[in-house]
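Reviewing the structure listed below.
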2 protein chains.
Amino acid sequence: MFQSYTIKDIAKALNLSTSTVSRALNGSHEIGSETKKLVLEYAEKINYRPNPIALSLKEQKSHSIGVVVCEVANNYFSQAINGIESIAYNSGYHVIITQTHESAERELANVQHLLSRQVDGLLVSLSAQTVDTSVYEQLHSKGFPIVFFDRVAQHIPTHRVVVNNFDAAFKATESLIKSGFKRIAHLTSTSNLMISQERFKGFKAALEKHGLDFPETYFRQCNHGGVLKDEIEQAVEGWMNLPSPPDAILSTNDRLTTGCVPILKRLGYKIPDDVALAGFTNSDVAELFDPPLTVVRQPAFQMGQMATELLVKTIESKKAVETYTTEVLETELICRESSVHA
Amino acid sequence: MFQSYTIKDIAKALNLSTSTVSRALNGSHEIGSETKKLVLEYAEKINYRPNPIALSLKEQKSHSIGVVVCEVANNYFSQAINGIESIAYNSGYHVIITQTHESAERELANVQHLLSRQVDGLLVSLSAQTVDTSVYEQLHSKGFPIVFFDRVAQHIPTHRVVVNNFDAAFKATESLIKSGFKRIAHLTSTSNLMISQERFKGFKAALEKHGLDFPETYFRQCNHGGVLKDEIEQAVEGWMNLPSPPDAILSTNDRLTTGCVPILKRLGYKIPDDVALAGFTNSDVAELFDPPLTVVRQPAFQMGQMATELLVKTIESKKAVETYTTEVLETELICRESSVHA
DNA sequence: ATGAAAGCGCTAACAG
DNA sequence: CTGTTAGCGCTTTCAT
């Protein structure tokens, strides 16, 4: 380890006791101002840094927060992580990121790993495969700070940061309808996720408002949230081989949206002429696609920030937090050619 | 903090001393097999987990490694981080990620933050603005484990993981030439970075091999590595207003490559008819662009893995490491329409 | 106003 | 084979 000075070194050098030094460093007012000055100056001179590990052991706090997401290499999450880091950093916490790759097993392992690392709190976005959220329930009931963002656990009353998923899907669907599409398919992740359910509800509501049918065959879920290309391919192929194939697709996550495009192309379908596409994604380059993609964009960075602020507040609150907020942010619908007849 | 059992609890429950318990837990052979079994079983039963913070304090090791990159929301780096995590996780290290946003100042602050966090080693990819690498030099000379990847510090003899940048740029440039482009511009990051220099050398070598000119006006650097859109815009606009504008561009990093496209489009230039484009990027969706992009892809995931392996090995080696390796991986050139005359 | 000492959880001499 | 003890760096009573 990279050796640095300790409080003991200072004490020895200045012929003081460690406790005096400690107090001086912490600005206690029961220390003579001369002594204090002496200590502070010397500490400055040797560039003294308190050992955070020793502090953690003492305080029973690790000053770190654990993050559970499906994937870092995902536009939404990398942006959210950015927001998380920005707040965590300024609040004196460091961030340990773990990836589930959409596996519930992996998620549980990650949580346990983070707990054994003594994280002070958890920032989690569930995996697509997660059904059993009892770990979180238990932790939460024991007073352990958890904040969910985006993919929240349904029945656990923690702080949450989400977007208005219903509205987001509603808007996107309505825009497809207004562009003249009538047979709209719905490509989504597992219905384990509340966001999937809500986005589907918004979608359905838009169809209903405009008196459109929704045959069951137009609904397809990808159990791995689009991590596996096969699942997307099967969905798309299944649709296009239908007697009456859809003329548009609404996809409800990053992976699915960007994953759809190459598959449609490879199968020889033109977007939007053969089938239109609109979907959730935080990709910065969706406008560069051929055709430019109509997208629903979430305020990922801000969501990361808010979630972290809430978590830090919970961690640092003296008394048990009793009331939990659910922050609901708005999304942005950006219409481009993929959803407009040429 | 989420309270868990300690070695003391076990000792008390079993009427043993803490040291006996400790030894039993660590499988010492100087412990009676009965006692050992007893301890192990009880520990299992109460789901005992050693406190990593106490361990760290004792061992003077934090079991964490610090990562310094410019940006997480960058295809190359998010993939590299994936590789880093995979190895770190399996080796019992956790990863603290920091972002420089291409600022040298920020980089220094990050390094200091990581050091004060007592990381056991550093995995770094320099920021585009970094000129002064003396922090690393000092650390390295004191025996602190550092591995550079991708953007390495020139004169510090640490382990390194890079790609064959010369060759990568050479191949890409030659492919442009073979497609008939003759006036090829070079869009790059600051020349502080060795990768910029090497990629430029490869570029020049290809031009020379084919007897092509390279007017100085065709060389443009972005001091913020493309983080600021303006810098790219200025470069591109400058070129296109030249009496003899380039007919192709080679861009040498992720941000620059994907940043070029919308600017060219907005200015009304068709790719590749008005100007062709080939560039370094690890984007997964470059083939979906309009037009599909010709790219140089680095084995980011693998680079992250190798760098982490080297770092862990360095951290854990008993004796000071004396010989350092530079791992050089190959890139992949994927030719698509952006660099081929229609 | 300052020092001595205990203790956070764990390991490792040292003693038996 | 097992227990006692000191110590990692720091804070915090409790004395003085």
Side-chain angles (χ1 to χ4, degrees), chain A residues 1-40 42-43 46-64 92 115-120 316 318, chain B residues 1-40 42-43 46-64 92 115-120 316 318:
Chain A
M1 162 130 323
F2 187 61
Q3 193 46 47
S4 50
Y5 293 98
T6 74
I7 217 171
K8 224 184 210 165
D9 298 320
I10 303 183
K12 209 175 295 171
L14 264 41
N15 245 313
L16 291 168
S17 77
T18 57
S19 40
T20 304
V21 175
S22 169
R23 279 186 280 243
L25 254 16
N26 292 306
S28 163
H29 31 241
E30 50 175 341
I31 292 290
S33 53
E34 287 172 46
T35 317
K36 196 184 279 186
K37 208 180 124 201
L38 209 64
V39 171
L40 256 24
Y42 186 73
I46 64 171
N47 190 29
Y48 166 80
R49 299 267 166 254
N51 180 330
I53 295 174
L55 277 175
S56 295
L57 183 59
K58 184 78 198 170
E59 296 176 24
Q60 302 289 66
K61 275 200 56 181
S62 65
H63 286 281
S64 62
L115 290 175
S116 79
R117 286 285 184 195
Q118 316 274 96
V119 293
D120 297 334
E316 294 181 349
K318 299 291 175 199
Chain B
M1 160 130 321
F2 188 60
Q3 192 45 47
S4 50
Y5 292 98
T6 75
I7 218 169
K8 225 184 209 166
D9 298 320
I10 302 182
K12 208 176 295 170
L14 265 40
N15 245 311
L16 291 168
S17 76
T18 58
S19 42
T20 304
V21 174
S22 168
R23 278 187 279 244
L25 254 17
N26 292 307
S28 162
H29 29 243
E30 50 174 343
I31 292 289
S33 52
E34 285 173 48
T35 317
K36 193 184 282 187
K37 208 180 125 201
L38 209 64
V39 171
L40 256 25
Y42 186 74
I46 63 171
N47 191 30
Y48 166 79
R49 299 266 168 254
N51 181 328
I53 295 174
L55 278 175
S56 295
L57 183 58
K58 183 76 198 168
E59 296 176 24
Q60 302 288 67
K61 276 200 54 180
S62 66
H63 286 281
S64 63
L115 290 176
S116 80
R117 285 285 184 195
Q118 315 273 97
V119 292
D120 297 333
E316 295 183 348
K318 298 293 174 197

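In what follows, chains carry the letters A, B, and so on, assigned in the order in which the sequence lines appear, proteins first and then strands, with residues in each chain numbered from 1. Since the model is a prediction, treat every value here as computed from it, not as a measurement.
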* Asked: Between L25(B) and A43(B), which heavy-atom pair has the shortest distance, and what is it?
  -> CD1-CB, 4.0 Å

* To do: State whether Y5(A) places a side-chain N or O below 4.0 Å from either non-bridging phosphate oxygen (OP1 or OP2) of dC10(D).
  => no

* Examine the side chains of S19(A) and S22(A) and answer whether a donor and an acceptor come within less than 3.5 Å of each other. => no

* Can you see which heavy atom on R117(B) is nearest to which on S62(B), and at what distance? => O-CB, 4.2 Å

* Structure fact -> Rounded to whole Å, the NZ-P distance (K37(B) to dC1(D)) equals 16 Å

* Asked: For dC10(C), does either OP1 or OP2 sit under 4.0 Å from a side-chain N or O belonging to Y48(B)?
  -> yes

* Asked: When we call it a touch if two heavy atoms are under 4.0 Å apart, what does L55(A) touch: a base, just sugar-phosphate, or nothing?
  -> sugar-phosphate

* Do you know the tightest heavy-atom contact between Y48(A) and I7(A)? -> CE1-N, 3.8 Å

* Structure fact -> Rounded to whole Å, the CG-C1' distance (N51(B) to dC8(C)) equals 9 Å

* To do: Output the single nucleotide from dT11(D), dG9(C), dC8(D) whose closest atom is nearest the side chain of I7(A).
  => dT11(D)

* Is there a residue in residues 13-26 of chain B whose heavy atoms reach under 4.0 Å of DNA chain C, and which residues are they? -> S19(B), S22(B), R23(B), N26(B)

* **Length of the line joining E59(B):CD and dG9(C):C1', which is rounded to integer Å** => 12 Å

* Asked: Does the pair T6(A) and N51(A) meet the rule for a side chain to side chain contact (heavy atoms under 4.5 Å, CB included), with working shown?
  -> CA-CA 8 Å; T6(A) 74; N51(A) 180 330; over 6 Å; no

* Given atom CD1 of I31(A) and atom P of dT12(D), what is their separation to the nearest angstrom? -> 13 Å

* To do: Check whether any side-chain N or O of Q60(B) sits under 4.0 Å from OP1 or OP2 of dG7(D), and answer yes or no.
  => no

* **Side chains of K61(A) and S56(A) in contact at under 4.5 Å (non-hydrogen atoms)** => no

* Gap between atoms CD1 and P, on I53(A) and dT11(D) respectively (whole Å) -> 14 Å

* Counting just side-chain N and O atoms, does K61(B) come under 4.0 Å of either OP1 or OP2 of dC8(D)? -> no

* Asked: Do Y42(A) and L14(A) touch side chain to side chain, with heavy atoms closer than 4.5 Å?
  -> yes

* **Distance-minimising heavy-atom pair for K36(A) and H29(A)** => NZ-CA, 4.2 Å

* Presence of K58(A) side-chain N/O under 4.0 Å of dG9(C) phosphate oxygens OP1/OP2 -> no

* Structure fact -> Walking DNA chain C from its 5' end, the first of P50(B) and G32(A) to be reached, judged by nearest nucleotide, is G32(A)

* Structure fact -> Of L57(B) and T35(B), the one whose nearest nucleotide on DNA chain D sits closer to the 5' end is T35(B)

* In sequence, state the C-alpha distance, the side-chain angles, and the governing distance for T20(A) and I31(A), and then conclude on side chain to side chain contact (heavy atoms under 4.5 Å, CB included). => CA-CA 7 Å; T20(A) 304; I31(A) 292 290; 3.9 Å; yes

* **Five-pair end axes of the helix from dA1(C)-dT16(D) to dG16(C)-dC1(D), angle between them (10°)** => 60°

